[in-house]
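The next block holds one structure in the form of structure tokens; read it before the comments.
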Amino acid sequence: MIMRGRRFWYLDVGEGTPVLALHGTFGRAEIHRPLAGIFGPGYRLLALDQRGHGRSSHGGDFSREAFVEDAATFLQAIGPAIVFGHSLGGVNAYQLAARHPDLVRAMIIQDIGAVTDEPEVAQPVLDISSWPRFTRTREEFVEFFADFPAVDYFLASLVETPDGWRMLYDYDDMMAVQQGNVGHWWDDWHGSSCPALLLRGSLSPFVSEAHAQDMLKRPNTQLVDFPGSGHWLHDDDPTRFAEAVRSFTGQIS
């Protein structure tokens, strides 16, 4: 689809209450396909390849405003939705709720805080300048990512081209995406009143226990901790993840 002068690709599965899924940096919409089975019948999963990612347009503006307005424009054509966001997508989700409250029925925020440059976050911006841009074989990329957490998350954006294997995104874009996501966003976190579920991995560096408790002071907010899980807690503990999401959505009228 063409939206705000840019091309966007999105996943559309099921019928019923809309659920907009927003991936993290280096991700793509396709990784959220399993959410359709978690939400189940009666929900329509819409997962967006956000700007610079997947098969959506690359380049341009990667400010907070750009990401939020993309999601808002998308939902203006769909209607109010439950918004699920992981990492970068989580910031986009709660900023969308604050700035366009009429479009967000409820939000599920996975492992990202209201401040994205806290001292305990060792690398709010990951330098990817040394990552391979092309390889002759898929296995070379697999070997490169072997020591990364959630290897499949990164490999999901790997595609074959006539010139070799590469990621679906531009590396300079990803640096700009990360830099634009760094900041203190408390006003946005407190700026909406819709029901919110915060999911936190105990081993993740992105949301400390103390920070999560501060976020819990927002009215109409629930917190579920995932002991022994990291940033990709949906992979680390899929059963608990599914139970938490279904319990929360079951409370939304």
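Because the structure is a prediction, the values reported are computed rather than measured.
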Using a 4.5 Å side-chain heavy-atom cut-off and chaining through intermediate ILVMFWY residues, the residues clustered with Phe134 come out as none
Does a donor on one side chain sit under 3.5 Å from an acceptor on the other, for Thr161 and Asp163? no
Atom pair CG/CD1 of Leu155 and Ile31 - distance to nearest 0.5 Å: 12.0 Å
Any heavy-atom pair between the side chains of Ile109 and Trp189 that's under 4.5 Å? yes
Report yes if the side chains of His211 and Val115 come closer than 4.5 Å at any heavy-atom pair, otherwise no. yes
Neighbour count >12 (heavy atoms, 6.0 Å) for atom CG, Asp102: yes
When rounded to the nearest 0.5 Å, the distance separating OG of Ser229 from CG of Asp237 is 4.5 Å
Should the ring pair Phe148 and Phe144 be called parallel, tilted or perpendicular, given that the plane angle runs from 0 to 90° and is split at 30 and 60? tilted
A side-chain contact here means heavy atoms from C-beta on lying under 4.5 Å apart; do Pro149 and Trp232 qualify? yes
Pair Glu30 + Arg33, salt bridge at N-O below 4.0 Å: yes
What donor-acceptor contacts under 3.5 angstrom involve side-chain atoms of residues 71-89, with partners at least two apart or in another chain?
from, atom 1, to, atom 2, distance (Å)
Thr73, OG1, Glu69, O, 2.8
His86, NE2, His231, O, 3.0
Ser87, OG, His231, NE2, 3.0

Do Phe226 and Ser202 come within less than 4.5 Å of each other through their side chains, counting heavy atoms only? no
For His32 and Leu45, work out which heavy atoms get closest and say how close. O-CD2, 3.3 Å
Is there side-chain contact between Leu199 and Phe241, with at least one heavy-atom pair below 4.5 Å? yes
Got a second to check how far Ile112's CD1 is from Arg200's CZ, nearest 0.5 Å? 12.5 Å
Quick one, Arg44 and Val19 - any side-chain contact, counting heavy atoms below 4.5 Å? no
Does the separation of the ring centres of Trp185 and Tyr94 fall below 6.0 angstrom? no
Can you confirm whether or not the ring centre of Trp131 sits under 6.0 Å from the ring centre of Phe26? yes
Under the criterion side chain to side chain contact (heavy atoms under 4.5 Å, CB included), which of Leu197, Val207, Leu198, Leu233 is the partner of Gln110? Leu233
Contact check, side chains of Leu158 and Arg166, non-hydrogen atoms, under 4.5 Å: no
Met174 side chain reached by Met167 side chain, heavy atoms, under 4.5 Å: no
Is it true that, when you exclude Arg64 itself, more than 12 heavy atoms of the residues, nucleotides or ligands shown sit nearer than 6.0 Å to its CZ? yes
Examine Phe141 together with Trp165 and report whether their ring centres are nearer than 6.0 Å. no
With a sphere of 6.0 Å drawn around CD of Glu140, does it hold more than 12 non-hydrogen atoms of other residues, nucleotides or ligands? yes
Does Arg246 qualify as a cation-pi partner of Phe39, given the criterion of NZ or CZ under 6.0 Å from the six-membered ring centre and within 45 degrees of its axis? no
Do Ser204 and Asp111 have side-chain N/O donor and acceptor atoms under 3.5 Å apart? yes
Quiz question: by atom type and distance under 3.5 Å, do the side chains of Ser192 and Arg218 form a donor-acceptor pair? yes
If you count the non-hydrogen atoms of other residues, nucleotides and ligands that lie under 6.0 Å from CG in Asp147, is the total more than 12? no
Going by distance alone, is a donor N or O of one side chain under 3.5 Å from an acceptor N or O of the other, for Glu65 and Gln95? no
When rounded to the nearest 0.5 Å, the distance separating CG of Asn181 from OG of Ser63 is 11.5 Å
Between Arg51 and Asp70, is there a side-chain N and carboxylate O pair less than 4.0 Å apart? yes
Any pair counted as ring-ring contact (aromatic ring centres under 6.0 Å, His included), so long as it reaches residues 52-72, sequence neighbours left out: His23-His53
